[in-house]
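See below for the structure under consideration.
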Amino acid sequence: MDISNMQPANFIESIIIEDLKSDKHGGRVVTRFPPEPNGYLHIGHAKSICLNFGLAEKFNGTCHLRFDDTDPAKEELEYVEAIKRDVKWLGFDWGDKLYHAADYFEQLYDYAIELIEKGLAYVDDLSAEEIREYRGTLTEPGKNSPYRERSIEENLDLFKRMRAGEFPDGSRVLRAKIDMTSPNMNMRDPVLYRIKRMHHHRTGDDWCIYPMYDFTHPISDALEGITHSICTLEFEDHRPLYDWVLENVSVPCRPQQIEFARLNLSYTITSKRRLLRLVELGYVTGWDDPRLATIAGIRRRGYTPEAVRDLCERVGVAKNNSLVDMAMLEHCVRDDLNKRAPRAMAVLRPLRVVIENYPEDKVEELEAVNNPEDASMGSRKVPLSRVIYIEQEDFMEDPPRRYRRLAPGREVRLRYGYVIKCEDVIKDENGQVVELRCTYDPDTLGGSTPDGRKVRGIVHWVSARHAVKAEVRLYDRLFTIENPADAEDYVSYVNPNSLEVLKDCMLEPSLAQAAPGSFYQFERQGYFCVDTVDSKPDSLVFNRIVALRDTWAKIQQRQG
RNA sequence: UGGGGCGUAGCCAAGUUGGGUAAGGCACAGGACUUUGACUCCUGCAUUCCCUGGUUCGAGUCCAGGCGCCCCAGCCA
């Protein structure tokens with residue numbers, strides 16, 4: 001790593017490069033991802049994960065995974081396992097750098113004692129409501145608590161008895177003694193410890209007092225030797241307190257807090273409370289619903305970790321509140337899957353086609369390449385027989401201008417196969433087209449036509465006899481408005497068409513063995529993956545990850 | 001006249017330290033290629049950087065004054 005030539009990709013990297021040059025931290029770069037295990041991770045967390053682990057990678061440093069578990073009321077073991085799984089899935093490895101703030105409780109307690117001894121913290125007997133009243137408002141200063149001037153001895157005694165469990169929940173707190181008139185609310189004697197008799201997922205019933213975030217976080221960072229403590233914008237106001245704690249307590253080093261803007265994605269929601277409500281009201285099936293921007297949902301939908309990381313890199317790191325266009329994520333998956341997804345043919349809305357001049361019992365194995373972007377992925381055989389299915393939308397009785405697909409009397413090429421011509425249209429009693437009678441030109445295999453006539457339309461198909469039936473779930477954006485997070489009544493903007501279930505899809509036979517989680521490009525349609533929850537070997541379920549770009553759809557839309 | 005932060009294209013975002021004549025990506029629009037209307041490839045897309053003044057030969061960058069948006073009054077993180 002040659003620091004002198006490194007180009008910073010964003011302001012945080014600039015800071016790190018400067019620190020490296022000035023040898024501020026002895027050349028070390030240590031970051032951390034500090035989730036509270038009180039819910040599932042979402043796309044916003046993904047950005048933080050990519051940033052913190054990415055920085056460590058880039059600068060030859062390390063990144064810790066630390067659970068910020070200081071509030072037993074909200075945190076559960078179930079979430080810590082889910083979070084670990086999500087971080088791993090994104091492709092990051094914390095090695096042996098797994099930490100829990102709860103493991104620092106004893107040391108934190110000692111640092112609290114140190115503050116008390118220095119006259120910088122005191123036990124307050126005010127009730128929660130009184131504390132709020134004494135705190136003042138945004139425009140008026142607060143007032144000192146009547147308990148603020150207790151002696152060090154009394155504070156020590158009281159705090160020890162708080163720990164010993166002598167006082168009821170909520171009856172007292174330990175507060176930092178800073179400045180009740182500070183224009184920064186966080187500096188108005190913030191609470192450091194509260195009494196809460198609650199079972200902690202890690203420390204059990206060892207404690208009945210628990211430290212607050214503002215006290216725990218800077219010390220945890222210092223204890224772990226974190227050099228750059230990266231968090232989101234809303235903690236900017238907490239930085240003076242972060243620094244105050246580190247200045248007044250004997251910690252081994254001095255980490256720097258740096259704030260950046262969190263990632264918001266259009267047409268999604270990331271607030272835990274709101275996510276939970278969608279689940280409870282049944283708008284989605286759970287935290288891993290493929291329409292949700294949770295990591296679990298994104299994974300089940302079939303978005304790849306590579307695509308998510310690419311997105312995080314592309315959106316950059318800055319301090320602007322931003323709402324990133326969903327189209328950006330979609331572009332990232334297409335970009336990734338185009339190179340990696342095997343191609344296959346699948347007819348989602350089947351229309352039966354009989355090739356009249358194709359022998360009844362004949363079956364041809366046609367050669368189909370698995371990925372035109374990657375020759376090493378090889379090819380496969382796809383069976384063709386007299387009766388096939390094509391997509392309903394690939395036939396129109398009365399086609400508009402520029403329509404290149406099948407119509408009465410018109411020709412189209414079967415992908416990897418022959419040119420067929422529509423000779424007759426069969427309808428049911430309601431006038432619905434139920435079957436096409438076609439003929440094929442045996443001399444057109446291999447892409448050419450003997451007479452050099454141009455056949456522009458190409459259509460995917462599946463042999464009826466060989467078809468594998470499957471369910472395909474078509475997902476669309478969950479909300480009808482760009483920024484549902486902005487709307488109080490976001491629930492009323494849930495897209496009623498966010499999921500369309502197609503039951504009778506016909507897949508080419510090679511898909512019969514598709515493993516859960518594996519992804520494919522269904523040619524001319526999009527990228528799909530085998531659902532990891534509902535798909536069974538004998539009843540396959542595919543999720544549409546994202547549709548292919550569709551220029552024709554745009555042209556049609558423009559023409560009304 | 002509470003404090004903190006942020007304003008560069010429809011959406012992200014470089015550029016601000018050391019003033020030198022607006023990167024890149026997404027989206028969008030044309031065109032080429034094509035056995036996926038995909039991919040790929042070309043081309044176009046801010047005479048202007050929230051506004052108004054000022055300094056300067058020269059300002060997105062410096063100065064002054066406005067305006068707009070976000071965050072903070074949990075014993076949550």
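Residue numbers start from 1 in every chain, and the chains themselves are labelled A, B, ... in the order their sequence lines are given, proteins ahead of strands.
The pairing partner recorded for B/C33 is none, the criterion being a Watson-Crick or G-U wobble arrangement whose two distances lie under 3.5 angstrom. Taking a pair to require two hydrogen-bonding distances under 3.5 Å in either a Watson-Crick or a G-U wobble arrangement, B/A77 remains unpaired. Figure legend. B/A27 is base-paired to no nucleotide; pairs are counted as Watson-Crick or G-U wobble with both atom distances under 3.5 Å. In this structure, B/U1 makes no Watson-Crick or G-U wobble pair, since no nucleotide meets both defining distances under 3.5 angstrom. The partner of B/U56, taking Watson-Crick or G-U wobble pairs whose two distances both stay under 3.5 Å, does not exist in any strand shown.
Across all strands shown, A/Ser127 has heavy atoms under 4.0 Å from base atoms, whether or not it also approaches the sugar-phosphate. When heavy atoms are screened at a 4.0 angstrom cut-off, A/Leu126 is found touching base atoms of the nucleic acid. Using a 4.0 Å heavy-atom criterion, one finds that A/Arg549 contacts the sugar-phosphate atoms exclusively. When heavy atoms are screened at a 4.0 angstrom cut-off, A/Arg404 is found touching base atoms of the nucleic acid. At the heavy-atom level, A/Gly446 lies under 4.0 Å from base atoms of the strands shown. Within 4.0 Å of A/Arg188, counting heavy atoms only, lies no atom of the nucleic acid at all. In this structure, A/His238 reaches the bases: a heavy-atom distance under 4.0 Å links it to at least one base atom across the strands shown. Using a 4.0 Å heavy-atom cutoff across all strands shown, A/Phe67 reaches no nucleic acid atom at all. Nucleic acid contact for A/Arg172: none, since no nucleic acid atom lies under 4.0 Å from a heavy atom of the residue. Nucleic acid contact class of A/Val317 (heavy atoms, under 4.0 Å, all strands): sugar-phosphate only. Within the nucleic acid shown, A/Lys339 has no heavy atom closer than 4.0 Å to any nucleic acid atom. Across all strands shown, A/Pro141 has no heavy atoms under 4.0 Å from either base or sugar-phosphate atoms. Counting non-hydrogen atoms under 4.0 angstrom, A/Ala128 reaches a base of the nucleic acid. Residue A/Val324 is in sugar-phosphate contact alone, with no base atom involved, counting any heavy-atom pair closer than 4.0 Å across all strands shown.
Stacking between A/Tyr213 and the base of B/A77 is absent under the criterion of ring centres within 5.5 Å and planes under 30 degrees.
For the P atoms, the distance linking B/C76 with B/C67 amounts to 38 Å, nearest Å. Taking atom C1' in both B/U47 and B/C33, one finds a spacing of 35 Å when rounded to whole Å. One C1' atom belongs to B/C62, the other to B/G20, and the distance between them is 14 Å to the nearest Å. B/A64 and B/U21 are spaced 24 Å apart, taking the C1' atom of each and rounding to whole Å. For B/U40 and B/A59, the C1' atoms lie 41 Å apart once the distance is rounded to whole Å. The gap from the P atom of B/A27 to that of B/U16 amounts to 28 Å, rounded to the nearest Å.
For B/A38, the OP1/OP2 oxygens have a side-chain nitrogen or oxygen of A/Thr551 closer than 4.0 Å. An OP1 or OP2 oxygen of B/G37 is reached within less than 4.0 angstrom by a side-chain nitrogen or oxygen of A/Arg524. For the OP1/OP2 pair of B/C28 and a distance below 4.0 Å, the side-chain nitrogens and oxygens of A/Lys554 include at least one atom meeting the criterion. Taking only side-chain nitrogens and oxygens, A/Arg194 comes nearer than 4.0 Å to OP1 or OP2 of B/C76. The phosphate of B/G74 has OP1 or OP2 within less than 4.0 Å of a side-chain N or O from A/Arg135. A sub-4.0 Å separation between OP1 or OP2 of B/C26 and a side-chain N or O of A/His331 is present. Residue A/Arg262 places none of its side-chain N or O atoms closer than 4.0 Å to OP1 or OP2 of B/C12.
Both the sub-6.0 Å distance and the 45° axial angle are not jointly satisfied by A/Arg413 relative to the ring of A/Tyr418. Annotation: cation-pi geometry not satisfied between A/Lys196 and A/Tyr210 (NZ/CZ under 6.0 angstrom from ring centroid, within 45° of ring axis). The cationic atom of A/Arg66 (NZ for Lys, CZ for Arg) does not lie both less than 6.0 Å from the six-membered ring centre of A/Tyr99 and within 45° of the ring axis. The cationic group of A/Arg172 lies under 6.0 Å from the six-membered ring centre of A/Phe167 and within 45° of the ring axis, placing it in a cation-pi geometry. Relative to the six-membered ring of A/Trp461, A/Arg415 misses at least one condition, a distance below 6.0 Å or an angle of at most 45° to the axis.
Ring-plane geometry between A/Tyr213 and A/Phe235 is classed as tilted, the angle between the planes lying from 30 to 60 degrees on a 0 to 90 degree scale. Between A/Phe522 and A/Phe528, the ring-plane angle classifies as parallel under the 30° and 60° cut-offs.
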Please table the atom pairs, donor to acceptor, closer than 3.5 Å between any side-chain atom in residues 315-328 of chain A and protein atoms at least two apart or in another chain.
from     : atom 1 : to       : atom 2 : distance (Å)
A/Lys319 : NZ     : A/Glu236 : OE2    : 2.4
A/Asp325 : OD1    : A/Ala327 : N      : 3.0

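Using a 4.5 Å heavy-atom threshold, the side chains of A/Arg163 and A/Cys208 count as separate.
Shown here is A/Arg150, whose CZ atom has more than 12 heavy atoms of other residues, nucleotides or ligands within 6.0 Å.
Each of B/A73, B/G37, B/C11 was ranked by its minimum atom distance to the side chain of A/Asp325; first place goes to B/C11.
Both A/Gly457 and A/Tyr193 sit near RNA chain B, but only A/Gly457 has its closest nucleotide nearer the 5' end. Take the nearest nucleotide of RNA chain B for A/Leu329 and for A/Gly447: the residue whose nucleotide is more 5' is A/Leu329.
Nucleotide B/C70 holds its P atom 19 Å from the CZ atom of A/Phe235, rounded to whole Å. Atom P of nucleotide B/U36 and atom CD of A/Glu393 are separated by 17 Å, given to the nearest angstrom. The nearest whole Å value for the distance from the CZ atom in A/Arg477 to the P atom in B/C11 is 15 Å. Counting to the nearest Å, the P atom of B/A77 and the NE2 atom of A/His45 are 14 Å from each other. As rounded to whole Å, 15 Å separates atom P of B/C76 from atom CG of A/Asp69. Rounded to an integer number of Å, the gap from CZ of A/Arg175 to C1' of B/C75 is 10 Å. Between A/Glu259 atom CD and B/C72 atom P the separation is 14 Å, expressed in whole Å. Rounded to a whole Å, the CZ atom of A/Arg456 is 8 Å from the C1' atom of B/G37.
Put simply, the side chain of A/Gln525 and the base of B/U36 share no donor and acceptor less than 3.5 Å apart.
For the side-chain hydrogen bond (donor to acceptor under 3.5 Å, both in side chains) criterion with A/Tyr416, the lone passing option out of A/Arg380, A/His460, A/Arg343, A/Glu523 is A/Glu523.
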Is there any protein nitrogen or oxygen under 3.5 Å from a nitrogen or oxygen in nucleotides 1-6 of chain B, and what are the pairs?
from : atom 1 : to       : atom 2 : distance (Å)
B/G2 : N9     : A/Leu138 : O      : 3.2
B/G2 : N2     : A/Pro183 : O      : 3.2
B/G2 : N3     : A/Leu138 : O      : 3.0
B/G3 : N2     : A/Asp237 : OD1    : 3.4
B/G3 : N2     : A/Asp237 : OD2    : 2.7
B/G4 : O2'    : A/Asp237 : OD1    : 3.4
B/C6 : O3'    : A/Asn320 : OD1    : 3.0
B/C6 : O2'    : A/Asn320 : OD1    : 2.4

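Taking syn as a glycosidic angle within 90° of 0, B/G74 qualifies as syn.
Proximity of a side-chain donor or acceptor of A/Glu391 to a complementary backbone N or O of A/Arg349 within less than 3.5 Å is detected.
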